[in-house]
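Values in this document were obtained by computation on a predicted structure and should not be read as measured data.
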Amino acid sequence: MRGLGTVRGRAVGWAFGLGLLPGPLRAAGQTDLQQISPLVWVILAISVGGAIITFAFLAYAVWKFRDPAARGRRYG
């Protein structure tokens, strides 16, 4: 006979499995994704801002330094 220890061990195992008892694998605090998410948003905002500034400078340069002799000329 295996005795009462086996029954008690199975009961505790079922309790852990059902989440009735706090297990050692339960994380306390935030996950890695929750900790890194604000940093990802900051990096994304910086990259979008840089892309907007770069495109605005490109559009300004094309408008400012256009060739006046090309006015009315067909391209292609």
Side-chain angles (χ1 to χ4, degrees):
M1 276 194 126
R2 295 189 177 195
L4 187 58
T6 304
V7 175
R8 187 178 304 154
R10 286 184 184 172
V12 170
W14 276 99
F16 279 128
L18 294 175
L20 300 176
L21 297 176
L25 298 179
R26 227 179 225 183
Q30 295 181 336
T31 64
D32 290 341
L33 179 61
Q34 289 171 333
Q35 291 176 357
I36 296 173
S37 184
L39 180 63
V40 171
W41 283 110
V42 167
I43 292 173
L44 180 69
I46 291 171
S47 65
V48 168
I52 290 171
I53 291 171
T54 302
F55 183 76
F57 179 76
L58 175 66
Y60 169 76
V62 167
W63 177 77
K64 176 76 175 167
F65 299 107
R66 66 187 185 274
D67 186 7
R71 177 172 281 166
R73 186 185 311 164
R74 297 179 67 181
Y75 294 101

For residues 51-61, which side-chain donor-acceptor pairs fall under 3.5 Å, sequence neighbours excluded?
{"unit_1": "Thr54", "atom_1": "OG1", "unit_2": "Gly50", "atom_2": "O", "d": "2.8"}

Table please: side-chain donor-acceptor pairs of residues 33-47 below 3.5 Å, with sequence neighbours left out.
{"unit_1": "Gln34", "atom_1": "OE1", "unit_2": "Thr31", "atom_2": "N", "d": "3.0"}
{"unit_1": "Ser47", "atom_1": "OG", "unit_2": "Ile43", "atom_2": "O", "d": "3.3"}
{"unit_1": "Ser47", "atom_1": "OG", "unit_2": "Leu44", "atom_2": "O", "d": "2.8"}

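As a member of the Ile/Leu/Val/Met/Phe/Trp/Tyr network built from side-chain separations under 4.5 Å, Phe65 groups with nothing else and remains a singleton.
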